[in-house]
Amino acid sequence: MNGEKTDLGWARLKEQKRAISLLKAAFAAGRISHAYLFYGHKGGGKYQTAVAFTQLLFCKRPQEGEPCGSCPECQKIAAGNHPDVLVISPDGLSIKIEQIRALQERFYYQSYEGNYKVIIIRQADLLTEQAANSLLKVLEEPPEKTVFILLAEALFKLPITIQSRCQPVPFAYLDQGERTGQDEQSLALLTKLKAKCRLPELIAALQQGGYKELFAWTEMVDKIKWKDLSKKDLTALLLEQLMVIYRNRLIWQLTKREEFILGDDALTLGQLDPRVCLQALAEINKAVFALRYNANNRLNLEVLLLKLRRIEQREKEYK
Ligand SMILES: [Zn+2]
């Protein structure tokens, strides 16, 4: 892995308990997905986790769901010279179609004996459109015992077609500079935020409500004060949660597979035509960019909600 130093095992990745227990459970049950999408902020341990998970798949002496770190397989993986493991990183500013083609050649035309083959794609959000299309074809008809692990900073930076072929594995947000022991705190914050902002109620208001309910909601959100979180960060988190809701509804429509759904509130929010979900996601995306470049938080949210309301209520008229 380009000579980069990696920690062996998962002992040093305690802060990503949720992601790791999901992977361990899949391994213990013998249900390895053919593609995973690890997503979360930079520096959260996605790559180390991918390496450790790969070691687990190959390890000769796994102990309690952990790779041993010392068998030849574990060592070759850590050193980056295992013949069945390939790491793809951006070539310059993007991951190019030639890189995806090269992996196809390497893994399709050579056969190994019954081993897993693992392809880790770092910064998968930098796939060019052509490269993404090419990868999609592979993911649609995955070769046997091949596991793709895509790493990306945010779920929504990848085309939904690719997302819908991967099992999502969320990595907790860790504060910069303090990246250990923060998991509990950030999870607690997200839970608190979700409870406080009542997103399912917001969706119901988008579906049935008038403008009054929406403005009351943004006013309520605008009044929330948390010492460690700026208004902008709070809005960003909310937009991300909205994104997850529409993403879930879309993926549910497309696949009807619960393992691709994040969290538990997605399936009760009413069905939406996939095209309508895509429109909603595009609008949320615009709001994310607006937030990044200027934007009065509250106005930005209000504009978005008015658009989503139109999208949701237009959908109702079709039925
Ligand atoms: Zn081992």
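Whatever order the structure lists ligands and atoms in, that order sets their numbers, starting from 1. Since this is a predicted model, take the numbers as computed values, not measurements.
Take Arg298 and apply the salt bridge (charged side-chain N to carboxylate O under 4.0 Å, His left out) test, not counting sequence neighbours, and it matches Asp222, Glu302. For the ring-ring contact (aromatic ring centres under 6.0 Å, His included) test, no residue two or more places apart in sequence or in another chain qualifies with Tyr246.
The stretch residues 66-87 participates, sequence neighbours left out, in these ring-ring contact (aromatic ring centres under 6.0 Å, His included) pairs: Phe58-His82.
Not less than 6.0 angstrom separates the ring centroid of Phe27 from the ring centroid of Phe53. Not less than 6.0 angstrom separates the ring centroid of Phe171 from the ring centroid of Tyr39.
Excluding water, every protein N/O/S atom under 2.8 Å from the Zn ion (ligand 1) is given here by residue and atom: Cys59 SG, Cys68 SG, Cys71 SG, Cys74 SG.
The residue from Leu254, Ile160, Ile245, Leu250 that alone fulfils the side chain to side chain contact (heavy atoms under 4.5 Å, CB included) condition with Cys277 is Leu250.
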